[in-house]
Amino acid sequence: MFSYKGEAMHHFLKPFIAFCLTVTSTTIVFGQSAIDVSAEGNFTENLQEALILAEPDSVIQLPAGRFELATALSLDVDGITLRGAGMNETVLSFKGQVAGSEGLLVTSDRVRLEAFAIEDTPGDGIKAKGVDQISMVNVRVEWTNGPVATNGAYGLYPVESTNVLIDGALVKGASDAGIYVGQSQHIIVRNSRAEYNVAGIEIENCYFADVHDNVATHNTGGILIFDLPNLPQMGGHTVRVFDNQSFANDTVNFAPEGNIVATVPRGTGLLVMANNNIEVFGNEFSENASANVLLAAYPREYNDPSYNPLPRGVYVHDNTYGRAGFDPDMQVAELIAPLTGVPIPDIVWDGAVDGIWSAFFGPDEEDRIVIREAEGVTFADLQFVKGMILPWDVSPNFNISEYAGTRAPIMPVKLAQEAE
Amino acid sequence: MLLRSACFCAVLFAVIVSFTTRADVDDAALMSARPARQLSAYGLFENAPKQTPTAGVVPYDLQVPLFTDYAEKYRFVYVPNGTAATYDDTEVFAFPVGSVLVKTFAYPADMRAADENVRLIETRLLIHQEKGWNAWAYVWNEDQTDATLKVAGTMTSVDFVDDDGIPQSINYIVPNKNQCKGCHSLNGKLSPIGPKARNLNKDFGYDGSNWNQLQWWQDKGILKGLPAYDSIPVLPRINDEAAPLDHRARAYLDINCAHCHRVEGPGSTSGLFLTYGEQNPTTWGYEKRPVAAGRGSGGFSYDIAPGDADSSIIVHRMKSIDPGVMMPEVGRTTVHAEGLALIRAWINDMK
């Protein structure tokens with residue numbers, strides 16, 4: 001009797017519970033501020049429908065769990081927060097992706113992505129294009145096979161965007177750059193970790209960026225500040241790189257050739273290429289086998305009269321430097337080591353300047369490269385331009401005191417989404 | 001008895017009325033913020049399974065179509081009575097609010113008999129509403145009687161025999177609304193791509209004989225501002241051997257790439273702009289280096305390496321079906337052999 005009753009209860013409860021679950025978890029309530037995406041049924045369709053039909057300014061909540069997706073996700077509704085249960089708890093795996101060149105594409109404004117992971121996309125991880133106010137917080141993008149050339153190019157990839165925040169992110173295995181911000185303005189990348197990428201953190205053709213309190217390790221190059229020709233936004237400027245740790249960037253370059261990062265030597269702590277008005281301070285650089293800090297001109301031929309290939313107005317001060325330059329790679333081995341010897345100095349500037357006057361007497365004051373570091377920090381100006389004019393007098397200038405001075409500090413970046 | 005026949009007449013009348021209303025496009029349904037669940041609700045077709053449009057819904061064709069896995073496409077335009085699109089010599093015509101562009105994707109069982117055993121896959125609507133263009137995809141049911149809205153897109157397998165008699169099986173992807181915008185985007189707003197003067201300037205069979213499409217549209221009152229015939233630009237067909245190779249290749253890139261690869265499009269970040277009128281060689285790819293191509297570069301240095309198609313990134317990406325490499329990013333799961341051959345020949349011929 002007892003058992004019969006129990007069984008009856010069981011029979012009754014099971015469908016009832018199932019019914020409750022269906023109602024509470026699959027129903028997407030529109031016009032309200034919170035949407036729970038169901039783990040039941042076709043997760044990709046549930047999530048993509050939520051991303052399309054959500055009212056502006058809603059929160060879309062992802063369940064904990066591991067989900068396999070075959071097609072790219074995209075978001076084009078303003079004001080959405082897409083939030084998971086944690087970067088290790090909510091995992092969207094794109095290992096079997098058959099369509100779409102990224103895992104998630106965001107094209108709407110005021111979007112916050114938080115607490116989930118994207119794994120193994122054939123293309124980029126998360127791309128935000130043309131967004132005003134994009135925040136990527138406590139997200140993880142990872143290629144789980146380690147650093148191999150068949151991994152996607154970029155992990156976190158905001159481009160042509162304004163008010164970009166990347167905070168507390170983890171990116172591993174990108175075959176180009178783990179955290180890549182391109183052709184954007186007003187950017188903060190902080191408290192994030194990039195490892196086993198070709199470039200850990202790359203800021204390219206950007207205006208007003210703060211890169212701070214990040215860890216870049218086991219990449220080919222830790223932090224790159226680049227400016228490239230033939231792009232809609234050029235003339236990268238006003239970037240601060242401070243209080244980061246960039247150490248033991250020891251992964252052999254695995255970027256497909258043709259890409260600019262394929263030229264980055266293994267063991268680069270920081271590489272500033274072209275750009276204007278850059279401040280580098282409070283960072284710890286160590287165990288970077290090619291060099292801790294490189295300041296260089298764009299190395300390739302280009303056909304763009306509006307482009308300036310030189311790093312100008314760079315101010316490097318109050319950083320700490322551990323062992324580096326002990327096993328140089330690629331151009332550092334071929335072009336720099338023969339001039340400086342090994343180990344390569346902590347800071348190397350190629351000395352490419354604008355014209356003969358600058359080659360002999362130094363660049364104009366506002367374009368000067370200023371180095372103010374503790375005693376014992378080593379430096380070389382390779383004087384490439386002077387060397388081209390006077391090939392018999394190509395010895396680098398190791399005298400760091402000739403480059404001493406100060407520059408006015410760059411003002412902190414303020415983001416619209418963090419305004420009080 | 002009288003009452004009964006009155007009833008019968010009323011029913012008959014109601015049926016007739018409902019038939020006549022069905023034969024009109026439902027403007028209100030088109031303008032509603034909520035899309036209809038079924039394609040039939042819009043009244044765009046007199047006979048949807050046969051793709052016979054309602055009066056006022058005008059079929060058309062393009063000189064150079066976008067490649068989408070060899071699908072057959074049936075295109076229609078609807079412009080509300082009393083309004084007209086405005087001619088433009090380079091951009092998409094300015095269609096008035098209330099206009100709809102209709103495109104049905106279909107596969108014949110055998111491409112060598114394109115009109116027989118045709119399976120309708122999806123019908124996409126681009127509707128010009130008060131707030132701008134809106135895109136919806138309707139997926140045809142198995143019985144081919146009606147199509148149902150699919151907001152999040154879907155995948156379906158399609159089998160057909162190709163032009164060479166070889167059986168093909170593809171994983172056809174119905175795009176979601178955002179993926180539509182992945183191509184249909186101009187300055188961040190959803191926008192049509194195809195109906196441009198240079199691509200519409202061709203003959204089409206209307207009422208049993210051939211008419212220039214633009215002339216026909218103007219005569220039907222749905223297009224205004226058409227200039228003299230000889231001043232309307234035209235793209236060469238890609239298989240028209242009489243047309244210069246350079247023009248055919250640029251026409252192909254214009255239609256298949258330039259909706260993204262233009263300064264106002266989703267591919268603006270690349271700096272590679274492939275519109276038909278682009279004059280700067282670096283900008284259209286000549287010895288242009290990749291920017292954010294990643295694996296897409298294939299290890300090559302230039303989008304176009306003159307004289308060396310197989311070392312050109314454009315070719316590498318056109319012949320790939322890997323989502324991390326292929327271009328275009330969406331809209332195909334197979335390689336367009338004819339398009340690839342054209343671009344190869346063009347680059348190999350280049351100095």
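Numbers restart at 1 for each chain; the letters A, B, ... are given by sequence-line order, proteins then strands.
- Residue Ser101(A) touches chain B through both its backbone and its side chain, counting heavy-atom pairs closer than 4.5 Å.
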Tell me, with the steps shown, if Val189(A) and Leu156(A) meet side chain to side chain contact (heavy atoms under 4.5 Å, CB included).
-> CA-CA 11 Å; Val189(A) 177; Leu156(A) 299 175; over 6 Å; no

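- Put simply, of Gly182(B), Ser301(B), Ser270(B), Pro290(B), the one with the most heavy-atom pairs under 4.5 Å next to chain A is Pro290(B).
- For Tyr298(A) and Tyr307(A), the ring centers sit closer than 6.0 Å to each other.
- Most heavy-atom pairs under 4.5 Å with chain A, from the set Gly298(B), Gly188(B), Ser268(B): that is Ser268(B).
- Of the listed residues (Ala152(B), Gly271(B), Pro323(B)), the greatest number of heavy-atom pairs within a distance under 4.5 Å of chain A belongs to Pro323(B).
- Relative ring orientation between Trp346(B) and Trp284(B) is described as tilted, the plane-to-plane angle lying within the 30° to 60° band.
- The part of Phe273(B) that comes within reach of chain A is its side chain, from C-beta onward, which places non-hydrogen atoms under 4.5 angstrom from that chain.
- Ranked by heavy-atom pairs shorter than 4.5 Å toward chain A, the options Lys181(B), Lys177(B), Lys150(B) are led by Lys181(B).
- Cation-pi contact between Arg124(B) and Phe105(B): present, with separation from the ring centre below 6.0 Å and deviation from the ring axis of at most 45°.
- Using a 4.5 Å cut-off between heavy atoms, Gln233(A) does not touch chain B at all.
- When all heavy atoms are compared, the tightest approach of Gly265(B) to Lys129(A) is O-NZ, 3.1 Å.
- Put simply, of Glu329(B), Gln179(B), Arg289(B), the one with the most heavy-atom pairs under 4.5 Å next to chain A is Arg289(B).
- Heavy atoms closer than 4.5 Å to chain B are found in both the backbone and the side chain of Ala99(A).
- Aromatic ring orientation, Tyr180(A) versus Tyr154(A): parallel (interplanar angle below 30°, classes split at 30° and 60°).
- Only the backbone of Asn151(A) comes within contact range of chain B, judged by heavy atoms closer than 4.5 Å.
- For Phe160(B) and Tyr172(B), the ring centers sit 6.0 Å or farther from each other.
- With a 4.5 Å cut-off on non-hydrogen atoms, Met327(B) does not touch chain A at all.
- Neither the backbone nor the side chain of Thr121(A) comes within contact range of chain B; no heavy atoms are under 4.5 Å apart.
- Only the side chain of Ala70(A) has a heavy atom closer than 4.5 Å to any heavy atom of chain B.
- A salt bridge does not link Glu278(B) to Arg262(B): none of the charged nitrogens lies less than 4.0 Å from a carboxylate oxygen.
- Between Trp133(B) and His128(B), the ring planes are parallel. Angles under 30° get that label, and only those over 60° would be called perpendicular.
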